[in-house]
Protein chains: 2
Amino acid sequence: MANKEKFVYAFGGGTAEGNASMRSLLGGKGANLADMAGLGLPVPPGFTITTEACDRYGKTGAKALFGLIEAEVNAALAELEKKTGKVFGHGPNPLLVSVRSGAASSMPGMMDTILNLGLNQETAEALIKNTGNRRFVLDSFRRFMQMFGDVVLHVNFDLFEDALSAAKKAKGVKLDTELDADDLAKLIEAYGEIILKATGKPFPTDPKTQLWQAIGAVFDSWNNPRAIRYRELNDIRNLLGTAVNVQAMVFGNSGERSATGVAFTRDPSTGENEFFYGEFLINAQGEDVVAGIRTPQQISVAGSRRWAQRQGISENDRRSKYPSLEEAMPECFKALDDIRIKLEDRYRDMQDMEFTIENGRLFMLQTRNGKRTAAAAVRIAMDLTAEKMIDEKTAVMRVEPAQLDQLLHPVFVKGAEAAAEKEGHKIAIGLAASPGAAAGQVVFSAEDAEAWRAQGKEVILCRIETSPEDIGGMNAAQGILTARGGMTSHAAVVARGMGKCCVSGCGELQIDYAARKFCVSGQTIREGDYISLNGSTGAVYLGKVATMDPELTGPFAEIMKLADKYRKLGVRTNADTPRDTEVAVKFGAEGIGLCRTEHMFFAADRIIAFRRLILVAEKVKQLKALTACSDLKELRHKLTDAAAIAAVDQYERALAGLLPLQRGDFEAMFRTLAGRSCTVRFLDPPLHEFLPQTSKEQTEMAQTIGCTTSEIKQVVESLHEFNPMLGHRGCRLGITYPEVTAMQARAVAEAACNVPGSKPEIMIPLVGNVKELALQKAIVLKEIEAVSKERGKTLDIKIGTMIEVPRAAVTAHEIAKEAEFFSFGTNDLTQMGCGFSRDDAGKFLKDYVKMGIYDYDPFQVLDQDGVGELVRLAVERGRSTRKDIKLGICGEHGGEPKTIEFCHRIGLNYVSCSPYRVPVARLAAAQAALKNA
Amino acid sequence: MANKEKFVYAFGGGTAEGNASMRSLLGGKGANLADMAGLGLPVPPGFTITTEACDRYGKTGAKALFGLIEAEVNAALAELEKKTGKVFGHGPNPLLVSVRSGAASSMPGMMDTILNLGLNQETAEALIKNTGNRRFVLDSFRRFMQMFGDVVLHVNFDLFEDALSAAKKAKGVKLDTELDADDLAKLIEAYGEIILKATGKPFPTDPKTQLWQAIGAVFDSWNNPRAIRYRELNDIRNLLGTAVNVQAMVFGNSGERSATGVAFTRDPSTGENEFFYGEFLINAQGEDVVAGIRTPQQISVAGSRRWAQRQGISENDRRSKYPSLEEAMPECFKALDDIRIKLEDRYRDMQDMEFTIENGRLFMLQTRNGKRTAAAAVRIAMDLTAEKMIDEKTAVMRVEPAQLDQLLHPVFVKGAEAAAEKEGHKIAIGLAASPGAAAGQVVFSAEDAEAWRAQGKEVILCRIETSPEDIGGMNAAQGILTARGGMTSHAAVVARGMGKCCVSGCGELQIDYAARKFCVSGQTIREGDYISLNGSTGAVYLGKVATMDPELTGPFAEIMKLADKYRKLGVRTNADTPRDTEVAVKFGAEGIGLCRTEHMFFAADRIIAFRRLILVAEKVKQLKALTACSDLKELRHKLTDAAAIAAVDQYERALAGLLPLQRGDFEAMFRTLAGRSCTVRFLDPPLHEFLPQTSKEQTEMAQTIGCTTSEIKQVVESLHEFNPMLGHRGCRLGITYPEVTAMQARAVAEAACNVPGSKPEIMIPLVGNVKELALQKAIVLKEIEAVSKERGKTLDIKIGTMIEVPRAAVTAHEIAKEAEFFSFGTNDLTQMGCGFSRDDAGKFLKDYVKMGIYDYDPFQVLDQDGVGELVRLAVERGRSTRKDIKLGICGEHGGEPKTIEFCHRIGLNYVSCSPYRVPVARLAAAQAALKNA
């Protein structure tokens, strides 16, 4: 029947039923084997059982599925016998096959493979007769039993290894290859007993039984924990399962004219295309290359020479002991090199190929787009463009945006980290909170970090957890290490913002501040000791591992240029300091999308003035209410009580003290931006964050400020909130303390006057109701007008708002009447929209992602269906009343590629992200534009 | 010109330029004066300056406005002179006028009034000549100067009162009336000096100047703090301002044939229509009635007799000393009685009339719809319907729903509270947290409350603040008094739910638990002392003030029947106990819209089992993760560690212990409901709420349960959250601890089997993502099926969800695929939608309402534009994928009339509210249907 389901696709012998476009059905390996066979390349014939069969296997069980496909498999096997002229399980020329997994997405090493299937006493003897090589046949048999026992029969792998070791020990040799045929024959017997004992059944001698069991085992391996975890980590979704590739065996281990190897069309680590890159072993099967007992040889002469040079091997030694394939088997090399060119031409991308040479004859076992480092990805994309192999758009699509991050941070010098690990210097592993590498001397306080840095030392700031007061020290340090706190802890968020290497939540660390030391894995590390951090993996090393700066020129610069050419979204940065701003501009930021003014208040010289202000703010507010008088000047005239007047004075002095500091901050930012826009967000966090929480610090503060500790305690207590996330913060502060808004507005306006060409935009945070914005806007406009008049300058300062409260999103049409721009604060919008406290939700969000309730942690990747829907509604409604409203996003999500694509789709004008995410965002924005063109 | 603005409307002399429909332009008083004049009733002629003029006055200032209206006023004055035959400020027959405020909504006593305007030396002398009554004229002059000095010139009122007292003292008399003409002449001189001294200017003698100043003062009084506060409290919005009524004076104080009084067409306190109800004073001006120095007489003989009876006055004394108007001035009475009938016929509502009799001639000064008690409102509406004066729909619209609450709670016996207050027994005033009256003996703990109650005593539970553990004691008490906590504190919310009288946040109370006493206003109240609470005003009295139960029959039952006839919305109740359910059913609830299962866990016998469960829940969860095994039975088989197995045992035992208790709870509820639906909400609050927070309680718990205090402390700490509102609660608990969901589902299903005809519905709380609901639903369905099979009964249990997370609202089309009903949890939706923590927002929300950012506290009245928009979106989207989805609301807003109207408009099926709000909701729902018909 025409519409009968087809589960088996044959390939080989110059034809194939599949091709490269059938990846999702045949898996990557199967599709490409078919494709190569179709191209006439030397592929051992075989057939692929589809991923749909795997899906069916999971749903209906082995019995039902095997019943369904048995006839097809038998037919394919018969064809395979015909193509090879061999017979499966019988006769003088027995057919052996490999059974390999292969999903649509590459999952190297995660699922199971069985080689040499079809061997039993009868076929082994026939093969020995046929090849005249008893040792080779028995070695293949031994390998087959071991693989099959482990993978299919689930016998403890160590039992086989123990028996192998025992055999070598008995003979007094070290290498497997030193065992002779008789030794192997005995080992095969021993393996048989192991299997009988462990499973209660003898090793299956019927090749058909072997085959079906192996197929089932490969299907099963789709859902082994390792494979599941790999898919989770690599975000591989929506696949049906793995295909199974049954293929005639070719033997790289059948003698000195045989070999097996792996080759790349370009260097996967650098992307270079100087010579044919790859490795092979003579007289070996694939697993030997992986085992690492023998030293592999290089494919090309050039590659071999460079390798020898690096290893310190003389040219003579190299030629005699480690000749390249080009030298050892020139004809096979020639054939392989031709295939290399053909395959790159066909797939227009760097290929990772597996090959086997059997008695001087080359066979291709696999080709796929090769995995590569970020540097290689960028280089290969740009080289292929230059070679006219791909066009610019394809080049832009070829690099994973998130990968770019690898290229922006200091890294360990090549090999240095591996060496440190080899020497056992890895002392702990925490969360990879902020990428990059760092080495320095351990200090335990922010003050020390700043002091040591001032003396020219490089330090690692090591804290149980960090707080806003540690910012100076974090900035001074090369890297930050914390014992507590997740990926969104203060340390992690601030470090990422700074582009500073950070390992957080390293729970094994036992930090003793008083003794200035920490203990981990039985070792004690004291202040001044060197440690090194890998913020991209979370590894912590004892000692100084050498680091180097990244390069931002060459192919990197070229691909960024292409990205800028194709993207529609603007890319701004979230930056609060001139230093961050400088970094971001270097990375291509077109302005600042979020400048958090409160970060400026945490610096030592400002925090005191700001704390003074907080201490009297509530009192002044009460005085205003009592006298029904909102103007400070008027208020003071009305007051008679000396203490009350003093409070107003202190309030005004604190404001007056902050004004020049803020103005200076803004001037420095505007100068660094050199004419780029700067969105200044007004005071946002709840006031309690600015006050010390411990008694000791409170006493210190009291001494500095000249008040009693109990006064401070009282204010701290009055500021306490049950749910600070939903508390008195954002514009609610500006509503309660309008003078702070006025001071900030004046600082912006005066700075704008002082720095010609500056383009400030004022952003009111946490607006939920248009009237909040209207009230704050009135205060801001009044100050701008006043400054404008005083200075005789026309100031064009846009006023807008964050959209971060769900109510703001659904009333965006009202808010847009007052706001010239919206910036979506997706962190808070996620907190309020989903009802998740970012500080607490870690407890259950991981489970939520595991259970598939959310596809991703909504704080990492924007929840498009929910929070994104609020954003979409706000865009639609905002534009309905102000057509030209400028729309952007400034949450942590602004640098996340999936979110960026969403922002592109719903028509935002720009994204804003931390400086080190700017290149990522530029590329992701370009890909979004190309995907949605 | 035809389109010239008109600011002045004349009335009197049988015609009028205005009428009753022009309320918003002429104010209530002005419109009704015009209307009465148009009807030919005896109204002293005059004219009204419009509210638009007041608006213009506020916007452009006095000068501009007066310029605009001067000609009109002069013309109206000239007409007035013509009608009265008198001349303003001159001649032998001088015209005096009153200048009165009058807005579109009645604001009695809030704004200013000036009488006798036009008096000066010249006009006074003419009047004396004219009336032959020097004392009357000088008394009027004295009153005029005092009013004008106070209201227009802002001279301290006490200065006049002091001078008046001095004059009486000098003469050795007590009453004003004992001063003769000469005394008054001297007083007028003294007043003149007071005014000169205070203002630096002499009293204005030019009547035109007097008039314009008075008009300005009345306009000014629109925005005096008292008037603003009154409008806030009475929710009077969107008015332009007050009108000014300038009217020819008639004098109730011009002799023994003169009088002034107030009358009602029906009794405003009971609504009865037995006799003509009202009071008057002979030879007096309006202010004398208010002053309360002389005892007013009654209008009708019947009324007078009843009054005398109540006062213990003999019929003889009554007739001689306090004759009714009917007896004293039978003709005037007859005229007034005719007018009474005419006015009720005209306005079809109970009227509140002011009249003056001048030398035997009756004049009407005002008529308006009379203010009335709830009981009167209901009775009058139903009586008018019976009398065919109004139709049923109008009757339904005539009663303010919120007022009904007054009728549902115990009240103080008539006069008892006033007596207590008179005797100085009012000792404190707190927040009117939950209405009703209560008297009882003071106890200081929930345990004592229950114990004393068991002994038949009536108690008032007095706490600094209450917690969930106090529920039993709160239930046992007659009323609750707390020192801390606002309108939404635990005590307030729970008490309102119970319909129990509560005064909260009574900050003056100094409670000493150890000494079992509290101190307030210098008095010490000890355990066992009687106190009484008025939960509708917040007053606290020492001693036992007599209370009585409300009546729910008669007109109340009739109007409820009418409401049910016209409403479209169903009305359910929020109830967790059979007692509450019974109350609610009595009040007409059609089922339960929200039964909070966790409230059942707080009872003494359940909390222990539940705490045991919490103690091991986390451990069991970890064991499950470790073994990758989610079934408890399987899990136990896999475990080998004895402590681990014990934990699983304890967990299962705790669940098994809770099951029959919950089942019993549900059975009791279902029985009480007798076939009505019952929406059961599964476990909602964060687990930490069930654990004791103080060391002492933790030690007690450890002893009860048999674990260490530090174990408890550890669990309490691990459950701590920074923002519990956004934390691990609602269905998130059920996701983490599926066995709890299963136990609750089984309890519901078994109870449903045991109580024939029961209609449970299961509601999953805090769903933000449809997958949460799907997972919980699967667990629930599995249990229902299991019970159904075990018992051989078909169970039809609907499964739905709360919509209380903004994300749920915007993804309602997805959620509706799984949910058979939505119930909007508008409390949490407000918290998350607006970003307000209910526990913290009090700090700034009051200011927000004052500043007009929100029209009402969004926790009291649903924020329709924002939170309501989320609800509206959810309704629209939910119905788009499930047409017949049942939609309701169960937040605190469900009993609030404005919110109910919103619910009607957006097409919900029902509202659910606390038992005591059920009648309010029924009426409000009917009004909503009629308004939006």
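Letters A, B, ... mirror the listed sequences (proteins, then strands); counts begin at 1.
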Is it the side chain or the backbone of [X] that comes within 4.5 Å of chain B heavy atoms, both, or neither?
X      : value
A:D847 : side chain
A:L719 : backbone
A:D863 : side chain
A:F844 : side chain
A:L766 : neither
A:E721 : both
A:R872 : side chain
A:S718 : backbone

Please round to the nearest 0.5 Å and tell me the distance separating atom [atom1] of [X] and atom [atom2] of [Y].
X      : Y      : atom1 : atom2 : value
A:N723 : B:S837 : CG    : OG    : 4.0 Å
A:H728 : B:L845 : NE2   : CG    : 10.0 Å
A:R877 : B:E869 : CZ    : CD    : 4.0 Å

Is it true that atom CD of A:Q714 has more than 12 heavy atoms of other residues, nucleotides or ligands lying nearer than 6.0 Å? no
Most contacts with chain B, counted as non-hydrogen pairs under 4.5 angstrom, among A:G768, A:G833, A:A841: A:G833
Below 4.5 Å, heavy atoms only, C-beta onward: do A:L726 and B:L726 meet side chain to side chain? yes
Given side chains that start at C-beta, do those of B:Y848 and A:E772 come closer than 4.5 Å, heavy atoms only? yes
Winner by heavy-atom pair count (cut-off under 4.5 Å) against chain A, out of B:C834, B:G727, B:G730, B:A808: B:C834
Among B:K771, B:R807, B:H720, B:M725, single out the residue with the greatest number of heavy-atom pairs under 4.5 Å to chain A. B:R807
Is the backbone of A:F722 close enough, under 3.5 Å, to the side chain of B:D840 for a donor and an acceptor to pair up by distance? yes
With a strict 4.5 Å heavy-atom criterion, list every residue of residues 732-740 of chain B that contacts chain A, or say none. B:R732, B:I735
Shortest non-hydrogen pair, A:V810 vs B:L870, comes out as CG1-CD2, 3.7 Å
Nearest non-hydrogen partners of B:T811 and A:D865, listed with the distance: CG2-O, 3.4 Å
